[in-house]
2 protein chains.
Amino acid sequence: MQISELARRAGVPVATVKYYLREGLVPAGELTGATRARYGEEHLERLRLVRALLGPGGLSIARARAVLAAVDTPGTSVHGALGAAHRALPGVGSEGPADLEQARAVLRRQGWRVAEDSPALVALAAALEALRAAGAAPTDELLDRYADAAGRIGEQDVAAVPTGSVAEAVRFVVVSTVLLEPVLLALRRLAQEDASRRRFPDGC
Amino acid sequence: MQISELARRAGVPVATVKYYLREGLVPAGELTGATRARYGEEHLERLRLVRALLGPGGLSIARARAVLAAVDTPGTSVHGALGAAHRALPGVGSEGPADLEQARAVLRRQGWRVAEDSPALVALAAALEALRAAGAAPTDELLDRYADAAGRIGEQDVAAVPTGSVAEAVRFVVVSTVLLEPVLLALRRLAQEDASRRRFPDGC
DNA sequence: GACATTGGGTAGTGCCACTCTCTAGTGTTG
DNA sequence: CAACACTAGAGAGTGGCACTACCCAATGTC
């Protein structure tokens, strides 16, 4: 298929596909001449993945490229791919070295063990710092409840990883890590809405 | 305090504070002359809240203004404030009318009742659509597990709302709705990392 | 042989969150 | 009272980002 068909089937303007090709998000097609290239189903699939990461996934071009690099690198272990995906995701950017103490305490109580420099750990510390700065410091009890729920989800995520090939597992991990985040947030808001309706009926 | 002190104590450039004043994110100070205004502790608190919403909260200026409008409007019910906050939050922007069926099915199984046009419902449908487009359609079982965990969190969130004054409750709802999202996402990633380490030891 | 399309590249666009600069006025210091 | 630093308010400029429009020479199609 040519670029126009690729673009049409993915619902993306041709100029945008060219842009992704230039940025290295989508691999080049097979050149059949100086001004012709052929694209396959795998290009279409990749293009759809890119759109999902950039749109609903909320990634920037640069971060999407880093995430896709983890997908493309064969020989990476599944655990390593998860780490690469986490590193590529937008953590909560903080300037100074954040206060990791409350975050570490949660991990201790949950019995979780993670890398010393885990980006998720830094992100958690930064998020807690933001809450404190906004005058809404969370209690340890609240954090523990959140961690309980998060633990269930993380367990579920990892259990669902297919064991067929490493490549398949890596792709699954990356996609689900990124694209299930909006699902989780939407479900939380729905649960809040339901709980709020029950607790505050008729406008309290 | 003058604008320079306000800016210094919040760790924000003076020009940026002026910008927020112009955009209506921070209320004007009390004018003491044609070129002088006085700001109080409440301005400092508000400025810190704005920074938390824009930075870690990930809101745009326009969305932050809408969220803050909910905080500022007295007489709003707590349930109404939650709805206002949800409407102001960035849903997953989708073009056409998404397929709400799978999303509604989750709600039915959980026994949740939400508004027909709930933005969270649309966001969930859009997120599911993105997953399908990326070739990683989630099973109902996975969604149910996610919903179970989200249900716990939503319950917890609503239970934690202070019952003192409506204004206090509204502020709490808005802040926790927005600023606990990064906490939840970070905890999920930490749980994934721990679970992944246990399931894929030494690079599988 | 006319015409549309392609790969490849450069430059421009629109949006956003600031950031700079200017004016006119004001408090403060010596 | 004069010099000076600071202020409110507002317009214009900046840099980054994700496209998007345009151009060219080459090529495929009718």
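Order of the sequence lines sets the chain letters (A, B, ...), proteins ahead of strands, with each chain counted from 1.
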Rounded to whole angstroms, how far apart are CD on A/E23 and P on C/dG9? 13 Å
Could you walk me through whether A/Y20 and A/R65 pass side chain to side chain donor-acceptor pair (under 3.5 Å), step by step? CA-CA 10 Å; A/Y20 294 159; A/R65 183 164 39 222; over 6 Å; no
Taking OP1 and OP2 of C/dT19, is either one under 4.0 Å from a side-chain nitrogen or oxygen of B/T16? yes
Donor-acceptor pairs are to be reported for all side-chain atoms of residues 25-42 of chain B against protein atoms at under 3.5 Å, with residues two or more places apart or in another chain.
residue : atom : partner : partner atom : Å
B/E41   : OE1  : B/R9    : NH2          : 3.2
B/E41   : OE2  : B/R9    : NH1          : 3.2
B/E41   : OE2  : B/R9    : NH2          : 3.4

A/I3 CD1 to C/dG7 P, in whole Å, measures 5 Å
Ranking B/A34 and A/A15 by the position along DNA chain D of their nearest nucleotide, the one closer to 5' is B/A34
So, does B/Y19 get its side chain near the phosphate of C/dC16, meaning an N or O under 4.0 Å from OP1 or OP2? no
Under-4.0 Å side-chain N/O to phosphate OP1/OP2 contact, A/T35 with D/dA25: no
So does A/R132 pair up with A/E129, basic N to acidic O under 4.0 Å? yes
How long is the line joining CZ of B/R22 and C1' of C/dA17, in whole Å? 11 Å
Of D/dA21, C/dG25, C/dT19, the nucleotide closest to the side chain of B/P13 is C/dT19
Could B/R145 and B/E141 be called an ion pair, given the rule that one side-chain N must be under 4.0 Å from one carboxylate O? yes
Is A/Y39 near enough to C/dG7 that one of its side-chain N or O atoms lies under 4.0 angstrom from OP1 or OP2? yes
